[in-house]
Structure formats: C-alpha cells, structure tokens
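To start, the structure under review is shown below, and the notes come after it.
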Amino acid sequence: MPDNASREIAEPLLDWYDANARALPWRAPPGTPAPDPYRVWLSEVMLQQTQVATVIPYFEKFTTRWPDFASLAAVEDGELMSAWAGLGYYARARNLLAAARAVAVEHGGQLPGTEAELRKLPGFGAYTAAAVAAIAFGERAVVVDGNVERVIARLFAVADPLPGAKPRIRELADSVTPDERAGDFAQAMMDLGATICTPRSPKCLLCPLAKRCDARADGRPDAYPVKARKKARPTRYGTMFWVERNGAVLLVRRPARGLLGGMRALPTGPWADSPPGVEGAPFAAGWALHNATVSHGFTHFELVSALASVTIDGQAGAIEGEWWPIAELDSAGLPTVFARAAETMRRMR
DNA sequence: GATCCGTGGCC
DNA sequence: TGGCCAAGGAT
C-alpha cells in the first residue's frame, strides 16, 4: 500500500473505527483478539444482502441453539430451514449446512484459515471468503461488498457504471487495504458505508475521509456509484391451496432448488401470466376459489396469488404432505409469503 | 455476463 | 405508490 494511501485513508479510517465501531454480537472490540471464526462465518452468511437489524435476532437464535460447527453440522435439513424461515435467500441456509458438514468431515471441525481454502466451501464467494479470512484469521484480504463499492466509488469518483466497474473498484480497494488490521479495515469500511457514507444523504460532515474524497470535492457525493437501471419486475399469478382436515392444514416440502427451495409451504399451482384458477391443485376436489389474494414481491417478480380451499372429512387417502395443526402454524417455519397467506386464510374461514 | 434468488424499510 | 437498497452466491 502506498504511503499516501495509508496516511490519507487507512490510518484515519482505523482511528475512526477505534472510536466509533458498532458493537455487534459477532464482533470483537477493536484491538482485541479475533472473534470466533464460527460466529464470524455465520454472521457473514446472514448479512449477505440483509441488513444488520434484520440479522441480529436470527444470529442470537442460531448461536444459542447451535453454538459451534459440530452442533450445526448435526442438524437435520428441515430443522435448519425452519429456523431460517423469514430471513430469505434460502440457498444460503442450504449452503450453510453443506459447509458445516464439509468442515466437520474434511477439516477436523475447524474452518480453514486462508481465503483460497475458504473460497472452495459452499456459500463462500469472493466477498465472504475475503471477509472471514481477514476478520477471523487476520489475513490481508481485499474485502469488497456493496458498502466498500460505494465508499471507493466516492473516494475516487469512479464514473464507470456498476457492475462493469467492479474490477476497477477492486483494484482501488486493494490499493488502500493495509497490511495490518485488514479485518478491522474491512469492518471500518462497512461501518462507514452503513452509517456515514450512506446511499442517500451521506453525512460528509462526520466523515473521517471527507478531506480525501473526490466525490465530496465535486460536490455530489450521492452521484456515486453510478449504476445501470434495473429492469421492471413483471407480475406473475398463481394459486395457493388450503386443505383443511380435523383442525390441521396440509403442508408440503418444496423442491430442494429454486424459489423457496427446501422450504415447508402450502401447495401451489404453477406461476403464470394470468390467474390460473385451480389448475395444478394437489388433487381433484370441490375447490372454493376465494376473492382475496396475497401479493408478495420477490427479487425478480411480483407474485399475486389467489387462495383456494377445501375441507376434507374422514380419511386423507393418498394425499402427500404433513397435516399441521392450524393453531400451531407459527412454528411451521413457513417463508413469509406462505405465512401471510396462511394468516389470511385463518382469518377468512 | 445475465439471471435467479427473499425480505423489510425507506422516501 | 413503487423503485431502490441491503456485509452476495450459484449457475
């Protein structure tokens, strides 16, 4: 790292961090020994595309139930998915469990300590491998997340739009990453991005790097980073099926991959460009198609789902799935869209 | 490189 | 209201 980059960026940023670091459950205080790699890893996975305030209660729940790699590796798939319910991006939970088991089997129960080895584990991309290597193991790794991209783009007034500018931003991040305290430096950059160098209305008057910031000098810090416009989300339509029998409702397990993969769910028909009615129902019956719908925004489409219901008396026959007591649906581990649909049905019936 | 993959909060 | 955003990864 060039001397001027250290003097103008790393040193004042680390000084700021020493005085202003957020106290977070997975974080050791600045200057103290590195925190538990298990807790660092778990927090980093939960924090992918998810804000700190959302993560904290999940992190507390997970670390209470499963305090280390061995206990997590022993969990059954369904139990882990239920615990993750509501946090979103469920592939993270599937990869988390796969990585825990790989660590138990192939690494003697300890997370490998280098960025290159971490990168091979499920769920460890460029960001997470660098973050865990730097924060938990003290490796000099270049950690680039959305916060770092924004801070760097402003410090150097990077005019090229994302995502094309990612390689350039990583080069610049590399050039300002110190050889010592790379983990604290990464967390300082992310704290700065989350609290000072925010996407809208950055608080430049409080910023320890304002003197050195090219975007600040231009007078338009919020113009960076430049981003390509996103496509509009299409609306898709579907139907969820509520099958009631003896005070219980039929739940199914969704396929292991894809949307809400591996999660417990209400039976659904296909998503379509227009309301499909009771097409794709789990079995032929006298379905009542209700007027109420449930709308839910996913990452790349907006779902508007109708609700259809039927009550079965006597034997369930060959119906596949679990009969879950309606009074205990809160403990079923349903993703938010199904939890809301279930709540709507519970009130309507 | 483009697409898929959740959810909640903000203005 | 609706688009944008958040400690990204897999394919």
Side-chain angles (χ1 to χ4, degrees), chain A residues 21-22 24-27 39-59 81 84-96 98-99 118-136 141-151 161-167 170 173 183 185-195 197-202 222 225 227-236 254-263 265 271 295-303 334-340:
Chain A
R22 291 179 289 176
L24 300 173
W26 46 84
R27 179 178 278 182
R39 294 167 66 87
V40 173
W41 164 62
L42 180 61
S43 69
E44 290 300 340
V45 173
M46 288 184 166
L47 286 162
Q48 290 166 9
Q49 297 289 287
T50 309
Q51 298 196 9
V52 164
T54 304
V55 164
I56 286 176
Y58 282 87
F59 181 83
M81 300 311 288
W84 197 276
L87 196 53
Y89 282 144
Y90 298 99
R92 295 184 293 173
R94 303 194 297 268
N95 288 329
L96 187 82
L118 290 165
R119 187 67 178 77
K120 299 175 185 173
L121 290 167
F124 280 83
Y127 163 76
T128 304
V132 173
I135 296 169
V142 181
V143 180
V144 183
D145 76 325
N147 288 301
V148 175
E149 282 183 350
R150 184 171 57 257
V151 171
L162 289 168
K166 281 176 181 286
R170 193 194 184 283
F185 178 78
Q187 295 180 91
M189 290 284 276
M190 294 189 279
D191 272 20
L192 189 76
T195 64
C197 195
T198 48
R200 286 171 301 212
S201 305
D222 57 347
K227 293 191 176 184
R229 235 183 223 89
K230 292 181 178 171
K231 291 194 311 183
R233 289 186 308 184
T235 298
R236 308 190 72 182
R254 291 179 62 81
R257 301 174 182 280
L259 186 74
L260 308 175
M263 299 301 289
W271 308 144
S295 295
H296 189 78
F298 291 101
T299 307
H300 56 294
F301 70 96
E302 175 83 11
L303 176 67
L334 293 175
T336 298
V337 64
F338 294 114
R340 288 177 47 202

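Letters A, B, ... are given to chains in the order of the sequence lines, protein chains preceding strands, and every chain is numbered from 1.
By the ring pair (Phe, Tyr, Trp, His ring centres under 6.0 Å) test, A/Phe298 pairs with A/His296, A/Phe301, sequence neighbours left out. The side chain to side chain contact (heavy atoms under 4.5 Å, CB included) check on A/Ala130 picks up A/Glu115, A/Ala141, A/Val143, with sequence neighbours excluded. With sequence neighbours excluded, no residue forms a salt bridge (charged side-chain N to carboxylate O under 4.0 Å, His left out) with A/Arg340. The salt bridge (charged side-chain N to carboxylate O under 4.0 Å, His left out) search around A/Lys227 returns none, not counting sequence neighbours. Every residue two or more places apart in sequence or in another chain that forms a salt bridge (charged side-chain N to carboxylate O under 4.0 Å, His left out) with A/Arg22 is listed here: A/Asp191. Remark: A/Ala165 pairs with A/Val158, A/Asp160, A/Leu162, A/Ile169 by the side chain to side chain contact (heavy atoms under 4.5 Å, CB included) rule, at least two apart or across chains. Residues that satisfy the side chain to side chain contact (heavy atoms under 4.5 Å, CB included) test with A/Arg94, not counting sequence neighbours, are A/Met81, A/Tyr90, A/Ala91. Partners of A/Gln48 under the side chain to side chain contact (heavy atoms under 4.5 Å, CB included) rule, at least two apart in sequence or in another chain, are A/Val45, A/Arg92, A/Thr128. Scanning for salt bridge (charged side-chain N to carboxylate O under 4.0 Å, His left out) contacts around A/Glu149 gives A/Lys166, with sequence neighbours left out.
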Atom pairs under 3.5 Å, N or O on each side, protein against nucleotides 2-5 of chain B: can you list them with distances?
unit_1 : atom_1 : unit_2   : atom_2 : d
B/dC5  : OP1    : A/Leu259 : N      : 3.3
B/dC5  : OP2    : A/His300 : NE2    : 2.4

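Of the residues in residues 143-151 of chain A, not one comes within less than 4.0 Å of DNA chain B through any heavy atom. Residues from residues 46-59 of chain A lying near DNA chain B, meaning a heavy-atom separation below 4.0 Å, are A/Gln49, A/Thr50, A/Gln51 in numerical order.
For A/Thr336, the side-chain atoms get nearest to B/dG8 when compared with the rest of B/dG8, C/dT11, C/dG8.
Remark: A/Phe59 CZ to A/Leu24 CG distance equals 9.5 Å, nearest 0.5 Å.
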